[in-house]
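Let me begin by presenting the structure, written as structure tokens, before commenting on it.
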Protein chains: 2
Amino acid sequence: MEKDGERAEGRKGIERELKRGSLELIVLHLLAPGEAYGYEIVSKLTEETGGSLEVTDGTLYPVLYRLERAGFVSVRWETPQRGVPRKYYRLTAEGRAELAALTQEWTTFAKAMAKLLRPAREGK
Amino acid sequence: MEKDGERAEGRKGIERELKRGSLELIVLHLLAPGEAYGYEIVSKLTEETGGSLEVTDGTLYPVLYRLERAGFVSVRWETPQRGVPRKYYRLTAEGRAELAALTQEWTTFAKAMAKLLRPAREGK
DNA sequence: CCAGATACCTTGTTACGCAAGGTATCTTTC
DNA sequence: GAAAGATACCTTGCGTAACAAGGTATCTGG
């Protein structure tokens with residue numbers, strides 16, 4: 001029945017697109033204070049943004065894999081006394097450099113957008 | 001031997017990804033003051049952002065087509081006294097509403113990102 | 001009539017975010 | 001000690017958007 005009941009594509013899809021290219025930065029940023037494991041990163045993000053930015057683990061793992069492959073994070077397995085093994089990720093020096101670079105790029109982009117969107121416009 | 005001579009994957013690709021989902025908003029915004037034709041929009045964007053945000057016409061036309069299809073812009077052909085025919089785009093009422101909605105969504109997203117990235121962190 | 005400029009349009013590639021589904025390990029309960 | 005549930009990691013397939021590259025049509029100037 002729900003022919004386009006929850007389609008509402010216009011609304012839902014935008015956020016996904018906006019997140020594009022920002023996720024890598026987000027993850028690097030969340031790793032800045034210290035190491036963390038996959039599931040932890042997911043909940044950290046939800047928590048720190050009050051739920052306004054979220055990812056599922058299925059989204060996160062490919063990102064982490066990319067980061068590892070690029071040498072931006074190092075990986076360590078640890079089995080806690082209680083619970084299943086966890087894979088801890090930690091920024092490398094290159095990762096920190098990348099974090100700084102991406103933060104810069106994101107900020108530049110956001111500023112350009114903000115300036116463009118600012119309605120103020122003195123007569124030409 | 002240019003193994004990855006001009007690939008420079010990391011750097012070039014990011015901006016493209018960041019633009020994702022923002023282009024539609026950008027175009028709607030550029031149409032807000034009044035109608036414009038395709039090529040004009042391309043140069044308006046380059047001009048207004050001092051070149052920090054750019055699109056090629058091959059990127060723009062699909063966007064315009066989407067907007068037209070969604071009813072956010074109306075279209076009018078005009079052949080100027082000198083030169084080739086031009087296709088002028090103008091915001092519809094729905095287009096204006098969409099512009100407002102997207103601006104809102106973009107701002108919300110940008111604020112969430114900015115807050116996350118802000119390093120300041122008072123001891124909990 | 002031919003070269004060049006203007007303007008519009010199409011196709012194929014690439015990459016990413018995501019939902020859905022899958023695997024493995026540990027804990028609890030009976 | 002088997003079943004059920006929780007935790008955590010990983011993979012596959014899909015949709016979509018930005019872009020480069022290439023194509024078409026119209027007008028202007030020599």
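Labels below follow one simple rule: chain letters A, B, ... track the order of the sequence lines, proteins then strands, and each chain is numbered from 1. Computed from heavy atoms alone, side chains included, the values below leave out hydrogens, waters and symmetry copies.
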Excluding sequence neighbours, so at least two apart, what forms ring pair (Phe, Tyr, Trp, His ring centres under 6.0 Å) with Y37(B)?
Y88(B)
Heavy-atom distance under 4.5 Å between the side chains of L31(A) and L99(A), does that happen here?
no
Select from E17(A) and E40(A) the residue whose nearest nucleotide in DNA chain D is closer to the 5' end of that strand.
E40(A)
Side-chain polar contacts of residues 106-113 of chain A - donor-acceptor pairs under 3.5 angstrom, sequence neighbours left out - could you list them?
{"residue": "T107(A)", "atom": "OG1", "partner": "T103(A)", "partner atom": "O", "Å": "2.7"}
{"residue": "T108(A)", "atom": "OG1", "partner": "Q104(A)", "partner atom": "O", "Å": "2.9"}
{"residue": "T108(A)", "atom": "OG1", "partner": "Q104(A)", "partner atom": "NE2", "Å": "3.2"}

Would you mind telling me which of dC19(D), dC9(C), dA17(D) lies closest to the side-chain atoms of R66(B)?
dA17(D)
Would you mind reading off the distance between I14(A) atom CD1 and dG15(D) atom P, rounded to a whole angstrom?
18 Å
Contact check, side chains of V27(B) and V55(B), non-hydrogen atoms, under 4.5 Å
no
Between dC9(D) (C1') and E68(A) (CD): distance, integer Å
13 Å
Measure from the side-chain heavy atoms of V55(B) and tell me the nearest of dC10(D), dT16(D), dC19(D).
dC19(D)
Please check the phosphate of dA7(C) (OP1 and OP2 only) for any side-chain N or O of Y37(B) closer than 4.0 Å.
yes
Nucleotide nearest L23(B) (side chain, heavy atoms from C-beta), chosen from dC19(D), dA8(D), dT16(D)
dC19(D)
Mind checking whether E54(B) and L45(B) have side chains closer than 4.5 Å, heavy atoms only?
no
4.5 Å side-chain heavy-atom contact, L53(B) and E48(B)
no
What nucleotide among dA18(D), dC9(C), dC9(D) has an atom nearest to a side-chain atom of Y61(B)?
dC9(C)
Euclidean distance, atom CH2 of residue W77(A) to atom P of dC9(D) [Å, nearest integer]
6 Å
Could you please name the option among dA8(D), dC9(C), dC18(C) that lies closest to any side-chain atom of K19(A)?
dC18(C)
Just how far, in rounded Å, is P of dC9(C) from OH of Y65(B)?
10 Å
Going 5' to 3' through nucleotides 20-30 of chain D and flagging B where a protein heavy-atom sits under 4.0 Å of the base, S where only the sugar-phosphate is that close, and - otherwise, we get BB----BSSS-
